[in-house]
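Every number for a ligand or one of its atoms is a count from 1 in the order of the listing.
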Amino acid sequence: MLKRILVVALCCAALAGGWMAVEPARVSALDNGVARTPPMGWNSWNKFGCNVSEDLIKSMADAMLTSGMKDAGYQYVVIDDCWQVSRDAQGNIVADPQRFPSGIKALADYVHSKGLKFGLYSDVGWKTCAERPGSMGHEFQDAAQYATWGVDYLKYDWCNTDTTNAQAAYGLMSAALKATGRPIVFSMCEWGTAKPWLWAKDTGNLWRTTGDIKDCWDCKAQYEHGFLTNLDLQVGLESFAGPGHWNDPDMLEVGNGGMTTTEYRSHFSLWALLAAPLIAGNDLRTMTPEIRDILTAPEVIAVNQDALGKEGARVWKQGDLEVWSKQQADGSRAVVLFNRGGAAADVTVNWVDIGYPAHLSANVRDLWAKKDVGKFSGNYTAKVDSHGVVMVKVTP
Ligand code: GLA
């Protein structure tokens, strides 16, 4: 018994302080059965930051239905940081009583009553990124609480972790979630620091591969980067994604005002092609028809949700012009012709670059126009607007 207590104490001290090598928590496989295709939903952070409340979340759940987002496949409504304020005498996490007067369980029930799923946020460290209480030392207690409330999705952040070992810490919460017996999507928000794609397949359902996205085409702040930087950081990671375990280049900024409609269409097309989680981050209650049409584009979403679960890859690049391709379950390829440059340009996809014989005749369908373009042998060329995409499906 004493030996067991000692082992537990050493393990936890190591986890908190990181002063000795620890075996990561042994979780044989993340067999929670969820996120077989990339998760789709909405999260409060990109638009609302800490300004969250039960009224906001309820109205956003309503808007998921009225805007057509739910019908398009979006499911999860996730409250990010700042819903929590303290712990009670027993160590239970306490929601902000001013902003969530009915409590989290009632809010989860409301979201479920709309046929949607409910998500929350916490952090590996002793405090979240916004300095609210984190889960360190309370992992099993928090996971059990989430399950009692009816949580379906946990985003688990990485602030205030000091020298904590990421693999051990995420493994611990993964085990805690598993122990609840409730299938909960586990979204690891570790920013790619410890290369989670190399070890997290059996730990989480998705893992951030980058720092925070910023609502701009190509800008840089200390911890945040624009769309292009996050996109480029995905190159080479495609083999690590698959059903139940996805690379996450961060949530969508579509509709938040910092990019043009053309740029948002590119952002959405490429996230779809990357089999990235499609987590909208805008105000669904007030979005324009153009933004709604981007977020709900059926044939683009179908590429993201394809059952094969392959992440797309960049297969050709010359200067500002690129071709990205994703293999689909039916043998077709979804292809994004992408123009980063300042003027419209022709972009060509060659069949050999997407794994087809050079002279194959294939049908080309434009997924934004929802129109067949015709049959083409060997390649297809389209004029692509500055900062824009043409997205097609190539079917032999
Ligand atoms: C980090 C995460 C963001 C968001 C904030 C909340 O920066 O990467 O996605 O959750 O914390 O404080």
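Closest to atom 12 (O) of ligand 1 among all protein heavy atoms lies Asp81 OD2, 2.8 Å. Nearest to atom 9 (O) of ligand 1 among the protein's heavy atoms is Lys155 NZ, 2.7 Å. Regarding atom 3 (C) of ligand 1, its nearest protein heavy-atom neighbour is Asp212 OD2, 3.4 Å.
Contacts of Cys189 with ligand 1, taken as heavy-atom pairs under 4.0 Å, involve the side chain alone. Contacts between Tyr223 and ligand 1, counted as non-hydrogen atom pairs separated by less than 4.0 Å, are absent for every part of the residue.
A donor and an acceptor atom, one from each side chain of Ser53 and Asp55, are nowhere located under 3.5 Å apart. A donor-acceptor pair shorter than 3.5 Å can be found between the side chains of Ser135 and Asp142. Using modelled atom types and a 3.5 Å distance limit, the side chains of Tyr76 and Asp152 yield no donor-acceptor pair.
Taking the six-membered ring where the residue is Trp, Trp83 and Trp149 present perpendicular rings, their angle passing 60° and hence far from 30°. Relative ring orientation between Trp197 and Phe240 is described as tilted, the plane-to-plane angle lying within the 30° to 60° band.
Taking only non-hydrogen atoms, the option from Asp80, Asn46, Val78, Thr128 nearest to atom 4 (C) of ligand 1 is Asp80. Checking Asp157, Ile213, Thr210 against atom 1 (C) of ligand 1, the nearest heavy atom belongs to Asp157.
In summary, the atoms of ligand 1 found under 4.0 Å from a heavy atom of Trp45, numbered by their order in the structure, are 4 (C), 5 (C), 6 (C), 12 (O). When each atom of ligand 1 is checked for a heavy atom of Arg208 under 4.0 Å away, the hits are 8 (O), 9 (O). Heavy-atom proximity to Cys129, at under 4.0 Å, picks out these atoms of ligand 1: 1 (C), 11 (O), 12 (O).
Shown here is Lys370, whose NZ atom has no more than 12 heavy atoms of other residues, nucleotides or ligands within 6.0 Å.
The closest approach between any non-hydrogen atom of Tyr121 and ligand 1 is below 4.0 Å.
At under 3.5 Å, a nitrogen or oxygen of Trp191, whether backbone or side chain, sits near a nitrogen or oxygen of ligand 1.
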- Message: Before you tell me yes or no, could you show the steps for Asp31 and Lys178 under salt bridge (Lys or Arg N to Asp or Glu O under 4.0 Å), namely the whole-Å CA-CA distance, both residues' side-chain angles and the distance that decides it to 0.1 Å?
- Response: CA-CA 9 Å; Asp31 49 2; Lys178 190 172 181 177; 3.4 Å; yes
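Taking the six-membered ring wherever Trp is involved, the centroid distance between the rings of Phe376 and Trp351 does not fall below 6.0 Å.
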